[in-house]
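If you're wondering where the values come from, they're calculated on a predicted model, not measured in any experiment. Every chain is numbered from 1, with letters handed out A, B, ... down the list of sequences.
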Protein chains: 2
Amino acid sequence: MRSMPDDRTTRAVIRDEALRLFAAHGHDGVTIRQIATAAGVSPGLVVHHFRSKDNLRQEVDQHVLAVFEGLLGELTTDGGTAGLPGPGPTAASSISETFLRHLPVGSPLPAYLRMLLLSDTDAGRGLFRRLYVMSCQLLDGLADAGAASRGRDPGVRAALLLVNDLSVFLLRDQLTAVLGVDPLSAAGLARLGPELLSIYAGGLNAEPPTPEPSRPEPPAPEAEGGQA
Amino acid sequence: MRSMPDDRTTRAVIRDEALRLFAAHGHDGVTIRQIATAAGVSPGLVVHHFRSKDNLRQEVDQHVLAVFEGLLGELTTDGGTAGLPGPGPTAASSISETFLRHLPVGSPLPAYLRMLLLSDTDAGRGLFRRLYVMSCQLLDGLADAGAASRGRDPGVRAALLLVNDLSVFLLRDQLTAVLGVDPLSAAGLARLGPELLSIYAGGLNAEPPTPEPSRPEPPAPEAEGGQA
DNA sequence: CAGCAGACTAAACGCTCGTTCAGCCTCCTG
DNA sequence: CAGGAGGCTGAACGAGCGTTTAGTCTGCTG
């Protein structure tokens, strides 16, 4: 090893490149040879460090879930609604948003978690269950604080709040193409947040505070459409 | 051809089996040999009828989208909110629900559309754009009827309503595992619908009409209990 | 200095993939 | 009845896959 540009071991480099590629193309869409090339090593070395491709997949899964849990720990010790000056319901819509704010911008972690959630694996089901429990606790907290009602069926309401939050996450690219702005970027959140907040605060019939009676515009959603 | 159990041509049988398998496992998760076996023919015949696997994929895509458009035509001529006696906002939450009611129960079409939406292909992007335009028109109609407000940013509000509707669709299996009932079955809709309607009608703070102040239930969603 | 352990590579194995090819059988037509 | 067209099969090809193996290099240790 003549020159090591970073302080990660070769094993960690392979793991990180596998993470990045898995996140982008899914577990089955990536070959050991691609991972090896991305990490700058030979395919044999990947198998030398991790016993097999399936074992590498499991190890990356565990690593991602561990980082995720660690991040969750930070967020709860910080205080769930810290940093947001708005009223209660904000927290309900910020599970993924708060999560993203604590990650480097180019991190492959969100995409990996998205892939896991959609992957029909035990890891994905466990992750969703984890998020569901969190959503239940969050709704319970909001209800105790008087910021929200538990509704007729609290378990269902918590599930709805969760999947609605995740939908922006899962359809991020599609929304970007249609709205002209990444919904999870700062600019996107500035546009999406108030609208979602308005619905959660007063339902679909509540009137918008700012007097701008512009119509919805079905056509011309193309890139960077500078609409209202 | 000694005995043909149905009136479809062999070509149509291959196409339908490809549709079913693609819907379940994605385009890259299915081999020509699997499709051939499912259709009861040899792999060579699949290539004989469709020039290549990629061409078969495109043809199945087109077929699915054509059926989808046909169904959309039926729904709009039937009248958008027909069959639903509830108030206005019902229609906003029933794009996928109304859609599903017009399909045979075991139809692979929903799963195929889900896969397309998540597939990062031109077909998927076109489908989402189509749904977005529909959502914009639907919000516009609701607003004209006084059933909903266009909000501060109608384009964003329409997008949010769409992705929230789609989220139940995309996470159907995960919700089934957690709630113990398929959210898109009749029983599931009976549980989910009122809750969503309540949020859309009055926001998160509106009190439920039935006096059942039970707590949200984080534990015991279905089979085996929660982890760390 | 001898030798062992571990990081690492290059080559090759067996397998499955999409695709091709030669040929059979069964109609339909002249 | 001759003959061509098309549905259809089984075998085979080349490429790429995950994995195995043999062997090289390097640094540590006795």
Side-chain angles (χ1 to χ4, degrees), chain A residues 1-63 112 115 119-123, chain B residues 1-63 112 115 119-123:
Chain A
M1 231 167 285
R2 294 121 225 282
S3 65
M4 186 114 74
D6 55 38
D7 56 351
R8 288 131 80 214
T9 63
T10 304
R11 192 176 196 280
V13 171
I14 295 174
R15 195 236 296 123
D16 289 349
E17 290 301 319
L19 198 165
R20 193 176 55 83
L21 289 168
F22 283 156
H25 307 105
H27 290 133
D28 294 335
V30 179
T31 70
I32 286 189
R33 284 168 171 84
Q34 287 176 303
I35 296 170
T37 300
V41 300
S42 69
L45 190 62
V46 176
V47 184
H48 172 74
H49 279 300
F50 308 85
R51 264 188 328 106
S52 64
K53 183 185 177 183
D54 192 71
N55 193 66
L56 170 59
R57 202 209 76 219
Q58 288 179 237
E59 208 150 314
V60 174
D61 278 5
Q62 276 184 260
H63 176 70
Y112 199 96
M115 182 213 68
S119 69
D120 190 35
T121 61
D122 284 336
Chain B
M1 237 167 284
R2 295 122 220 281
S3 65
M4 186 113 76
D6 55 38
D7 56 350
R8 288 131 81 215
T9 64
T10 303
R11 193 178 195 278
V13 170
I14 295 174
R15 195 237 293 126
D16 290 349
E17 290 301 318
L19 198 165
R20 193 176 55 82
L21 289 169
F22 282 157
H25 308 105
H27 291 133
D28 295 336
V30 179
T31 69
I32 286 189
R33 283 169 173 83
Q34 287 176 303
I35 296 170
T37 300
V41 300
S42 69
L45 190 63
V46 176
V47 185
H48 172 75
H49 279 300
F50 308 85
R51 261 186 332 105
S52 64
K53 183 186 176 182
D54 191 72
N55 193 65
L56 169 59
R57 203 209 75 221
Q58 286 178 240
E59 209 150 313
V60 174
D61 278 5
Q62 275 183 260
H63 175 70
Y112 199 96
M115 182 213 69
S119 69
D120 190 36
T121 61
D122 284 335

Beyond-backbone contact of B/R15 with B/E59, side-chain heavy atoms, under 4.5 angstrom: no

Candidate list B/V60, B/V41, B/T9, test side chain to side chain contact (heavy atoms under 4.5 Å, CB included), partner B/I14, passing option: B/V41

Nearest-angstrom distance from the residue atom CG of A/L45 to P of D/dT20: 15 Å

Contacts of type side chain to side chain donor-acceptor pair (under 3.5 Å), residue A/S42, not counting sequence neighbours: none

DNA chain D contacts made by residues 18-26 of chain A, counting heavy atoms under 4.0 Å: none

Where at least one partner belongs to residues 20-36 of chain A, residue pairs that pass salt bridge (charged side-chain N to carboxylate O under 4.0 Å, His left out), sequence neighbours excluded: A/E17-A/R20

Candidate nucleotides D/dT20, C/dC8, D/dC8, ranked by approach to the side chain of A/S42 - the nearest: C/dC8

Shortest non-hydrogen separation from B/P43 to B/I32 and the atoms involved: O-CG2, 3.9 Å

With a cut-off of 3.5 Å and sequence neighbours excluded, list every side-chain donor-acceptor pair involving residues 44-53 of chain B.
from  : atom 1 : to    : atom 2 : distance (Å)
B/S52 : OG     : B/N55 : N      : 3.2
B/K53 : NZ     : B/H27 : O      : 3.4
B/K53 : NZ     : B/V30 : O      : 2.6

Side-chain heavy-atom pair B/D61, B/Y112 within 4.5 angstrom cut-off: yes

Selection: residues 28-37 of chain A, any non-hydrogen atom under 4.0 Å of DNA chain C: A/R33

Full working for side-chain contact (heavy atoms from CB on, under 4.5 Å) between A/R57 and A/D54: CA-CA 5 Å; A/R57 202 209 76 219; A/D54 192 71; 2.9 Å; yes

Residues in contact with DNA chain C, drawn from residues 48-57 of chain A - heavy-atom cutoff 4.0 Å: A/H48, A/H49

Distance in Å, B/L21 CG paired with B/D16 CG, rounded so as to fall on 0.5 Å steps: 11.0 Å

